[in-house]
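Below: one structure, written as structure tokens.
A note on names: the letters A, B, ... follow the listed sequences, proteins ahead of strands, and every chain is numbered from 1. Both backbone and side-chain heavy atoms feed into the values below; hydrogens, waters and symmetry mates do not.
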There are 2 protein chains.
Amino acid sequence: MDTASRVFGRVPPAPPTLADVAERAGVSRQTVSNAVNNPDLLRADTLLRVQEAIDELGYSPNRAARNLRTRASHLIGLRIQPVQEGTANALMDRFVHSLVDTSREAGYHVLLFSGDPIDPLAGYDDLLRSTAVDAFVVTDTYLGNPQAAWLGARRAPFVAFGRPWDMPAASHPWVDVDGAAGCELATSHLLDKGHERVAWIGWRKDSFIGEDRRAGWSRAMRARGLPTSGLASRVEDTVSSGRGASAVLLDEAQPSAFVCASDTLAMGVLRTLSERGLTPGRDVAVVGFDDSQVAQVVDPGLTSVRQPLEDVAVEVVKALEGLLGHPPVVNPGVLLTPTLAVRGSS
Amino acid sequence: MDTASRVFGRVPPAPPTLADVAERAGVSRQTVSNAVNNPDLLRADTLLRVQEAIDELGYSPNRAARNLRTRASHLIGLRIQPVQEGTANALMDRFVHSLVDTSREAGYHVLLFSGDPIDPLAGYDDLLRSTAVDAFVVTDTYLGNPQAAWLGARRAPFVAFGRPWDMPAASHPWVDVDGAAGCELATSHLLDKGHERVAWIGWRKDSFIGEDRRAGWSRAMRARGLPTSGLASRVEDTVSSGRGASAVLLDEAQPSAFVCASDTLAMGVLRTLSERGLTPGRDVAVVGFDDSQVAQVVDPGLTSVRQPLEDVAVEVVKALEGLLGHPPVVNPGVLLTPTLAVRGSS
DNA sequence: CTGTTGTTCTTGATCGATCCAATGCATCAG
DNA sequence: CTGATGCATTGGATCGATCAAGAACAACAG
């Protein structure tokens, strides 16, 4: 009795191959292959016979063999960011879910890999050269995406979730959420409720995304002829920054509502309100961004801009299918409009 | 000019193969293969020459070919739960990160797949039969894991994150976090601070995990000779249940501290406290479980039991390496002790 | 009857790596 | 000088699928 038998009780049976099915159905290997990949090439009765044999044997094509021959793995590489306890994670989680579901429908699986924080390209290179994945989904383009340029140069197929902010003419497909539209939506929602002095708390000026979202707020304000000066603050993305900024704004500009670039900042606003005995939603309205977990469990509920990540995933996969098709098609960028999850805070 | 050239500008060069390297280094294919996989079989100078050739050509072994021959994919399948906006997600996110990092060090990549909510086994079967993955990591064992039994029957290598509660004699490797120890730790922490009436808010009795955590609380109480009767409540895992349960307990049993089976429940307690004008941490102490995002951003900070997911990932990979080794080794179950993240609420 | 066309199925080669068995070549004991 | 031993390297077969031709056969026009 060999080692495997001792441990497992018996040797696991070798999975059936194409040849096994062929023999059983009384046809050639190629015919079985066609039954699987091009059923309409077979005569109806032959197809049926082959399919019966496939079912009886429980045959499933060996991925490695197929990949070797077709030079495709049907895997999509997704690099996950270094761990950081923040909103970004929960967001990514939703996106990953959607991406996995959507790609499965398209016949792809998602392969995760982690980046070396020092050399973000290391992981890509390895997977690419060993032909382990067919394409990549790149998510952290907000950093001025070096990987987009790098992947482009290597002619590696990839789709970005996030606009190429610093390279508007980039020729790769991308999908993004229109943050400006989201904040405009949030602001208009507040204005419709009768608020006139709506303040903005956002990120520092060097953030493309932050400036984009801010633009949505000021656009909505201007559209109603309302002033924006003195009503905006740009800080770090932390709860305490949001708390500090909102305290200052309340003292100096007396806003009746806040639109924030993130739920984290909005949490800070809520804290300031509770410190001052103000009730969110009644005395002062607050809107966050990302519809994170906290927005849902915090006391009156935090109204928040929700990114349509399910739709993003669909568009990403659509673009991937284009890239990997014959002939390859490079889809143009897609911009999706977020929705507003209205809760007690507004 | 063919289609690819028209789209890409030029045809991407075929990646170098083992034979290319062999030719360049003036050795046989097998020698190059050995240089990669068994370097100590080569004479030092030959090895050097081969490695130079590898570097010059930028050679990386073709994964598909290797997988075909070795009957291994070096991929680990991880099924992600159907999307549910809850604590579980953030937890999984941390775990997935750790798992990806740890498995990379062991030479494995993580393949995500989603389960059909109706037939949770569908995804497994597909991947298993097509030899797409070498093993699985199973995470949702709290449901009385049908997949564990199923995978076991198919002799598919897998490691569970979570004990086989309903089948203590199960012969598969597993890794779990000792929830009882965590709650004991939390309770002792409160008792050390001088609290004597520490209440418990947990899940309904049919949850193995819930009862396990509860046992930690009662163990700690009994160890100091303190009574537990009337101090426990079992409810649904929602904020409002936690709010309701804590209100009742405060009225009927006057506890000075709460230990909760989840951060969600703890959030409910915090809400009750704020409704009654009580300050968490000063008037009444609260401890949650899972150290979720909300625990960190909520007002005074929520003390919470933190699962050592990084360590879990390490143990899971260790067990996987055992299963996939030659000969395979089935590691016994591993139980890890959580830590306590102390914040303002206690 | 021959040649063309089209459908259906089969055969041999191939993808790029590793496994296996064998070879060349020193070294060294008898 | 012969044969045994060990090390470094090699050539052929193989994993299981798909690709690229070609073969067998029927239908049908000339």
Side-chain angles (χ1 to χ4, degrees), chain A residues 12-51 53-54 57-75 107 126 128-132 134 326, chain B residues 12-51 53-54 57-75 107 126 128-132 134 326:
Chain A
T17 72
L18 218 145
D20 297 332
V21 178
E23 193 183 13
R24 176 159 197 133
V27 296
S28 71
R29 305 187 320 274
Q30 184 61 41
T31 301
V32 179
S33 175
N34 285 336
V36 174
N37 300 307
N38 301 84
D40 47 339
L41 284 182
L42 301 201
R43 217 171 46 208
D45 60 330
T46 318
L47 178 58
L48 197 67
R49 211 169 63 233
V50 174
Q51 280 176 333
I54 289 178
L57 293 176
Y59 168 76
S60 210
N62 180 307
R63 288 270 221 294
R66 170 179 285 179
N67 294 350
L68 174 59
R69 188 69 245 234
T70 61
R71 298 164 170 283
S73 65
H74 287 268
L75 292 183
D126 176 36
L128 193 57
R129 294 196 313 184
S130 62
T131 60
D134 291 347
H326 298 288
Chain B
T17 72
L18 202 85
D20 297 331
V21 178
E23 194 183 13
R24 177 160 197 131
V27 295
S28 70
R29 304 189 318 278
Q30 185 60 42
T31 301
V32 179
S33 175
N34 286 335
V36 174
N37 301 307
N38 302 84
D40 46 340
L41 284 182
L42 300 201
R43 218 170 44 208
D45 61 329
T46 315
L47 179 59
L48 197 67
R49 211 169 62 233
V50 174
Q51 280 175 334
I54 288 178
L57 293 176
Y59 168 76
S60 211
N62 180 308
R63 286 269 219 299
R66 169 179 286 180
N67 294 349
L68 174 58
R69 187 68 247 235
T70 61
R71 298 163 172 283
S73 65
H74 286 267
L75 292 182
D126 176 36
L128 193 57
R129 294 197 312 184
S130 62
T131 60
D134 291 346
H326 298 289

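- Over its length, the helix from C:dC1-D:dG30 to C:dG30-D:dC1 turns its helix axis by 70°, as judged from the five terminal pairs at each end, rounded to 10°.
- The stretch residues 33-47 of chain A touches DNA chain D through A:Ser33, A:Asn37, each having a heavy atom within less than 4.0 Å of the strand.
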Inset, instruction - For side-chain contact (heavy atoms from CB on, under 4.5 Å), just list the numbers for A:Leu42 and A:Gln51, CA-CA rounded to whole Å, side-chain angles, deciding distance to a tenth of an Å, and then say yes or no. - result: CA-CA 11 Å; A:Leu42 301 201; A:Gln51 280 176 333; over 6 Å; no
Could you list the protein-to-nucleotides 21-27 of chain C atom pairs, N/O on both sides, closer than 3.5 Å?
none

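- Residues A:Leu68 and B:Ala65 come closest through the heavy atom pair CD1-CB, 3.7 Å.
- Nearest heavy-atom pair, B:Arg49 versus B:Val27, reported as atom, atom and distance to 0.1 Å: NH2-CG1, 3.3 Å.
- Rounding to the nearest 0.5 angstrom, the gap separating the CG atom in B:Leu57 from the OG1 atom in B:Thr17 is 9.0 Å.
- Listed by chain and number, the residues in a salt bridge (Lys or Arg N to Asp or Glu O under 4.0 Å) with B:Asp45 are B:Arg43 (sequence neighbours excluded).
- Here the side chain of A:Thr131 pairs no donor or acceptor atom with the backbone of B:Asn62 at under 3.5 angstrom.
- Across all non-hydrogen atoms, the minimal contact from A:Tyr59 to A:Val36 is CE2-CG2, 4.5 Å.
- Nearest heavy-atom pair across B:Arg66 and B:Pro61 is NH2-CG, 3.4 Å.
- Within the 3.5 Å criterion, the main-chain N or O of A:Ser60 finds no donor-acceptor partner in the side chain of B:Ser130.
- Side-chain atoms of B:Ser33 never come within 3.5 Å of backbone atoms of B:Arg29 as a donor-acceptor pair (strictly under, hydrogens ignored).
- Atom CG of B:Asp134 and atom CZ of B:Arg71 lie 12.5 Å apart (nearest 0.5 Å).
- With a cutoff of under 4.0 Å to any heavy atom of chain B, the contacted region of DNA chain D is bounded 5' to 3' by D:dA8 to D:dG16.
- Across every non-hydrogen atom of B:Asp20 and B:Pro15, the tightest pair is OD2-O, 4.4 Å.
- Here the closest heavy-atom approach between residue A:Asp126 and residue B:Arg63 is recorded as OD1-NH1, 4.2 Å.
- B:Asn38 CG to B:Thr31 OG1: the interatomic distance, rounded to the nearest 0.5 Å, is 11.5 Å.
- For DNA chain C, the residues of residues 61-70 of chain B within the heavy-atom distance limit of 4.0 Å (strictly under) are B:Pro61, B:Asn62, B:Ala65, B:Arg66, B:Leu68, B:Arg69, B:Thr70, sorted by number.
- Rounding to the nearest 0.5 angstrom, the gap separating the CG atom in B:Asn34 from the OG1 atom in B:Thr46 is 11.0 Å.
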